[in-house]
Undergrad: 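Dropping a structure here in structure tokens format, bear with me for questions.
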Amino acid sequence: LNYVGFFLILGLCFLTLAVPALIWSWLVKKDMERIEISGARFAAGDLETRAKVSSLSSLFRISQFFNTLAGKFQRLLASQKELTNSVSHEIRTPLSRIQFSLEMLQESGTLTPENARHVRRITRDADEIETLVDEMLTYAKLEGAAAVDIRRENHDMISWLRAVAGQEQALIPAGTRITVGFDTGDSGTESIPVAFEPSLLERAVRNLIRNGIRYADSRVLVTVEAVS
């Protein structure tokens with residue numbers, strides 16, 4: 001009986017300690033999952049998400065640190081977007097005046113060949129600045145990817161890329177040795193149907209081609225292949 005009573009008391013002591021420990025461990029695990037889910041949502045672009053943990057939890061201070069950091073990052077990103085938008089719109093006004101003046105000069109017919117060449121160069125530079133401004137505005141919008149409505153459309157990637165490459169080739173100034181080519185690789189595929197957002201992908205592809213034109217020696221080759 002003494003042994004039975006001893007083990008009975010020992011079992012009761014174990015239950016008295018184990019049950020609260022298990023409950024505490026389960027609560028901590030649930031709070032950790034909440035913080036982890038909030039972090040994943042924040043990383044995916046949902047900047048409004050916050051970790052909701054009880055003030056009685058041992059992880060409450062950690063959740064508060066996360067929420068404070070998320071709030072500061074959200075405000076910093078909002079300020080950056082506001083600054084980008086303001087600067088971009090402020091640049092557009094004088095840039096439009098420069099482009100208008102250049103058009104008037106080209107239509108005046110009073111430029112010498114040398115001056116006309118300089119005006120064409122300035123016009124290309126102004127167009128490049130305008131493109132950069134558009135890139136800044138697009139980038140500022142895409143930083144809040146969760147709020148961007150991306151509408152995918154079905155296109156034939158081969159014919160679409162061939163058209164973009166042809167348009168970039170047509171924009172290369174006469175007398176430039178660099179050419180833009182298009183190839184379907186060794187697959188011989190005639191059509192690759194893909195669903196994508198054409199304006200955003202076109203912007204990315206044009207940037208790649210134009211960077212290639214800037215640094216290539218003689219040729220920029222756009223290649224597309226279907227990979228299974």
Side-chain angles (χ1 to χ4, degrees), residues 1-92 131-155 157 192-208 211 224 226-228:
L1 290 175
N2 290 336
Y3 284 111
V4 173
F6 172 76
F7 284 112
L8 181 61
I9 294 173
L10 185 63
L12 290 175
C13 291
F14 175 77
L15 290 176
T16 302
L17 296 174
V19 171
L22 289 174
I23 295 175
W24 179 83
S25 299
W26 181 80
L27 292 175
V28 170
K29 179 176 179 296
K30 297 298 291 184
D31 290 339
M32 289 181 64
E33 289 177 351
R34 292 190 184 98
I35 296 174
E36 182 180 358
I37 291 172
S38 298
R41 289 177 177 173
F42 189 84
D46 183 7
L47 303 183
E48 298 289 340
T49 189
R50 296 293 184 270
K52 297 180 180 179
V53 175
S54 171
S55 59
L56 301 178
S57 172
S58 58
L59 298 179
F60 177 71
R61 292 189 64 187
I62 295 177
S63 68
Q64 290 298 100
F65 287 145
F66 170 81
N67 292 340
T68 301
L69 178 64
K72 289 183 177 179
F73 181 83
Q74 185 180 16
R75 290 191 295 272
L76 177 63
L77 188 58
S79 299
Q80 180 184 356
K81 288 181 181 179
E82 183 178 355
L83 177 62
T84 301
N85 290 332
S86 299
V87 171
S88 299
H89 287 297
E90 288 298 326
I91 291 176
R92 279 186 180 277
T131 301
L132 291 174
V133 170
D134 291 336
E135 295 292 338
M136 291 174 63
L137 292 173
T138 302
Y139 177 73
K141 184 168 75 170
L142 290 178
E143 279 186 320
V148 176
D149 184 17
I150 299 179
R151 299 182 180 181
R152 292 178 173 83
E153 303 174 2
N154 293 318
H155 293 272
M157 181 59 73
I192 303 178
V194 180
F196 58 89
E197 211 288 337
S199 61
L200 297 178
L201 185 59
E202 179 180 351
R203 189 179 296 274
V205 171
R206 288 188 184 277
N207 281 340
L208 289 174
N211 284 334
V224 59
V227 179
S228 58

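Bear in mind that the values here come from a model prediction, so they are computed numbers and not experimental data. Positions are given from 1, in the same order as the sequence printed here.
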Undergrad: Test: salt bridge (charged side-chain N to carboxylate O under 4.0 Å, His left out). Region: residues 50-70. Which pairs qualify, not counting sequence neighbours?
TA: none
Undergrad: Look at atom CD of Q64 and say whether more than 12 heavy atoms of other residues, nucleotides or ligands are closer to it than 6.0 Å.
TA: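 Yes.
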Undergrad: Is the shortest side-chain heavy-atom distance between V194 and N154 below 4.5 Å?
TA: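 With C-beta onward as the side chain, the pair stays apart.
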Undergrad: Give, for atom CD of Q74 and atom CG of L69, the distance between the pair rounded to the nearest 0.5 Å.
TA: 11.5 Å
Undergrad: Which heavy atom of E197 sits nearest to which heavy atom of S199, and what is that distance?
TA: OE1-OG, 2.7 Å
Undergrad: Might you point out which heavy atoms bring A70 and F42 nearest each other, and give the distance in Å?
TA: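 Reported closest heavy-atom pair: CB-CE1, 3.5 Å.
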Undergrad: Any side-chain heavy atom of P198 within less than 4.5 Å of one from H155?
TA: yes
Undergrad: How about E153 and F196: do any of their side-chain heavy atoms sit closer than 4.5 Å?
TA: no
Undergrad: Side chain to side chain contact (heavy atoms under 4.5 Å, CB included) for D134 and R203? Distances and angles first, verdict last.
TA: CA-CA 10 Å; D134 291 336; R203 189 179 296 274; 3.8 Å; yes
Undergrad: Under a 3.5 Å distance rule, please check whether N67 uses its side chain to pair with a backbone N or O of S63 as donor and acceptor.
TA: yes
Undergrad: With sequence neighbours excluded, give me every side chain to side chain donor-acceptor pair (under 3.5 Å) pair touching residues 33-45.
TA: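 Residue pairs passing side chain to side chain donor-acceptor pair (under 3.5 Å), neighbours aside: K29-E33, D31-R34.
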Undergrad: For atom CE of M157, decide whether the heavy atoms of other residues, nucleotides or ligands shown that lie under 6.0 angstrom number more than 12.
TA: yes
Undergrad: Hey, could you give me the CZ/CG distance between R206 and L201, rounded to the nearest 0.5 Å?
TA: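 R206 atom CZ to L201 atom CG measures 11.0 Å (nearest 0.5 Å).
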Undergrad: How long is the span from the CD1 atom in I35 to the CG atom in L59, to the nearest 0.5 Å?
TA: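 Between I35 CD1 and L59 CG, I get 5.0 Å after rounding to 0.5 Å.
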Undergrad: Tell me whether S57 contacts the main-chain N or O of S54 through its side chain, where contact means a donor paired with an acceptor under 3.5 Å.
TA: no
Undergrad: Considering only heavy atoms from C-beta outward, does the side chain of N207 approach that of V205 to under 4.5 Å?
TA: no
Undergrad: For F60, does the CZ atom sit with more than 12 other heavy atoms under 6.0 Å from it, leaving out its own atoms?
TA: yes
Undergrad: Could you list the residues that satisfy side-chain hydrogen bond (donor to acceptor under 3.5 Å, both in side chains) with R75, not counting sequence neighbours?
TA: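 Listed in chain order: nothing, the list is empty.
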